[in-house]
Amino acid sequence: MAYWLVKSEPSVYSWEQFTSEKQTIWSGVRNYAARINLRAMKKGDEVLYYHSNEGVEIVGIAKVIKEAYQDPTTEDDRWVAVDLKPVRKLKKSVPLEIIKKEKQLANMDLVRLGRLSVQTVKEEEWKMIMQMAGEGK
DNA sequence: GCCAACGTTGGC
DNA sequence: GCCAACGTTGGC
């Protein structure tokens, strides 16, 4: 089981929209580093859902329901998409500001590689986030 | 193949 | 709205 983090601008595709649609195609990624991560996603992997620009916080958990396939939004077969579905909203959203203050999370991709839109999350990082979100585990 | 210029992302 | 950081492009 691996953990991931995806970003979305709420004005483009928010968590609320995601949950009301029950699932979504995570397409339109045009970045090589992000593509490597998309390809590595396995069915059942859990994904943190992060709101960029507005909110600037992790708001919920999603799950991979379909592994990488050709991105339907382009003819170019080099790009891939995955299908995600919402699992649940976090009890408490975890703002980037708080993550930055947490020493154990200083090396998270979210902090180091701010602009990467699909990131890996280590198990320890996932656990920390869950604690900070008030999720008992 | 290097690197400067440019465009985009995203935090503030 | 500004600007820093970073990825991509293109000239040489």
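Between the CD atom of A:Glu57 and the C1' atom of B:dC12 there is a distance of 15 Å, given to the nearest Å. When rounded to the nearest whole Å, the span between NZ of A:Lys100 and P of B:dG10 equals 13 Å. Atom CE of A:Met108 and atom C1' of B:dG11 are 16 Å apart (whole Å). If you measure from atom CD of A:Glu97 to atom P of B:dC12, you get 7 Å, rounded to the nearest angstrom. Between A:Leu116 atom CG and C:dT8 atom C1' the separation is 15 Å, expressed in whole Å. Protein atom NZ of A:Lys101 is 15 Å distant from nucleotide atom C1' of B:dG11, rounded to whole Å. Atom-to-atom, CG of A:Leu5 to C1' of B:dT9 comes out at 15 Å; the value is rounded to the nearest Å. Here the C1' atom of nucleotide B:dT9 and the NE2 atom of A:His51 are 17 Å apart, to the nearest Å.
Within residues 31-39 of chain A, no residue is approached by DNA chain B to less than 4.0 Å at the level of any non-hydrogen atom.
In this structure, A:Leu96 reaches the sugar-phosphate backbone alone: every heavy-atom distance under 4.0 Å involves primed, P, OP1 or OP2 atoms, never a base.
Judged as a salt bridge (charged side-chain N to carboxylate O under 4.0 Å, His left out), and not counting sequence neighbours, A:Asp77 has no contacts.
Donor-acceptor pairing under 3.5 Å is recorded for the side chains of A:Asp71 and A:Thr73. Judged by distance alone, the side chains of A:Tyr49 and A:Glu57 never bring a donor and an acceptor atom under 3.5 Å apart. Side chains of A:Asp45 and A:Trp4: a donor on one and an acceptor on the other come within 3.5 Å.
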*Nucleotide by nucleotide, 5' to 3', does protein get under 4.0 Å of the base (B), only the sugar-phosphate (S), or neither (-) in nucleotides 2-7 of chain B, counting heavy atoms?*
-----B

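Here the side chains of A:Met130 and A:Leu48 are in contact, with some heavy-atom distance below 4.5 Å.
Among residue pairs with one or both ends in residues 66-108 of chain A, those qualifying as ring pair (Phe, Tyr, Trp, His ring centres under 6.0 Å) are A:Tyr32-A:Trp79; sequence neighbours excluded.
In this structure, A:Lys7 does not reach the B:dT9 phosphate: none of its side-chain N or O atoms is under 4.0 Å from OP1 or OP2.
Across all non-hydrogen atoms, the minimal contact from A:Glu123 to A:Tyr3 is CG-CE1, 3.7 Å.
Clustering of Ile, Leu, Val, Met, Phe, Trp and Tyr side chains at separations under 4.5 Å leaves A:Ile65 isolated, with no partner residue.
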If you look only at distance, which donor and acceptor atoms sit under 3.5 Å apart when one is on a side chain in residues 110-121 of chain A and the other is two or more places apart or in another chain?
unit_1: A:Arg112; atom_1: NE; unit_2: A:Asn107; atom_2: O; d: 3.0
unit_1: A:Arg112; atom_1: NH2; unit_2: A:Asp109; atom_2: OD1; d: 3.0
unit_1: A:Gln119; atom_1: OE1; unit_2: A:Leu110; atom_2: N; d: 2.9
unit_1: A:Gln119; atom_1: NE2; unit_2: A:Leu113; atom_2: O; d: 3.4
unit_1: A:Gln119; atom_1: NE2; unit_2: A:Leu116; atom_2: O; d: 2.9
unit_1: A:Thr120; atom_1: OG1; unit_2: A:Asp109; atom_2: OD2; d: 3.2

